[in-house]
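Just below is one structure, and these are the notes that go with it.
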Amino acid sequence: ATIAGIIMLIFPAVYVVLTYSFATYIFLDQKIGINESIAESARISKSHKMELFKFWFWILVFNILGASIFLVGLVVTLPKAFTAIKTAAS
């Protein structure tokens, strides 16, 4: 029962994150309102959920590898990850 409950929480959370992950970047880049940036993020991610999942998965793996090198690797991986996220949002 516990595993089923965790799964029922994780899948909707991943869906929400994938849908609205670019709202902040759209808000800052296009200088539009918060509601409009959330709607735009949902619109552009509508048919690209699997690609976004792969993108965020590899960003996570990349940063975990950076953190595993005594946190010094994060000096390299975090700027590259933020650049990739910004490029994907454009």
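Follow the hydrophobic side-chain contacts under 4.5 Å out from Val16 and you reach Ile38 in the same cluster. Connection of Val75 to Ile64 is not established within any shared hydrophobic cluster, with ILVMFWY side chains joined at heavy-atom distances below 4.5 Å, either directly or through further cluster members. A single hydrophobic cluster is not seen to contain both Val76 and Ile69; linkage of ILVMFWY side chains at heavy-atom distances under 4.5 Å, directly or through other members, places them apart. When the side chains of ILVMFWY residues are joined at heavy-atom separations under 4.5 Å, either directly or via intervening members, Leu18 and Trp58 end up in two distinct hydrophobic clusters. Note: the hydrophobic cluster containing Ile85 does not contain Phe62 (ILVMFWY, side chain heavy atoms under 4.5 Å, direct or indirect links).
Salt-bridge check for Glu40 with Arg43: passed, with a basic side-chain N closer than 4.0 Å to an acidic carboxylate O.
No more than 12 heavy-atom neighbours from other residues, nucleotides or ligands sit within 6.0 angstrom of NZ on Lys80. For CG of Leu65, the number of neighbouring non-hydrogen atoms (other residues, nucleotides, ligands) closer than 6.0 Å is greater than 12. Within a 6.0 Å sphere centred on OH of Tyr20, other residues, nucleotides and ligands contribute 12 heavy atoms or fewer.
Side-chain atoms of Thr77 and Ile59, non-hydrogen and from C-beta on, never get closer than 4.5 Å to each other. With contacts defined as side-chain heavy-atom distances shorter than 4.5 Å, the pair Glu51/His48 qualifies. Taking 4.5 Å as the limit, some side-chain heavy atom of Phe82 sits within range of a side-chain heavy atom of Tyr25. With contacts defined as side-chain heavy-atom distances shorter than 4.5 Å, the pair Ile7/Phe11 qualifies.
Closest heavy-atom contact between Phe53 and Val14: CD1-CG1, 4.2 Å.
Residues passing the side-chain contact (heavy atoms from CB on, under 4.5 Å) test with Val17, sequence neighbours excluded: none.
In this structure, Ser37 contributes its side chain and Gly33 its backbone to a donor-acceptor pair below 3.5 Å.
Considering OG of Ser21 and CZ of Phe55, their distance stands at 8.0 Å, rounded to 0.5 Å.
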### Query
Is there a side chain to side chain contact (heavy atoms under 4.5 Å, CB included) between Leu52 and Thr19 once you walk through the steps?
CA-CA 9 Å; Leu52 285 171; Thr19 302; over 6 Å; no
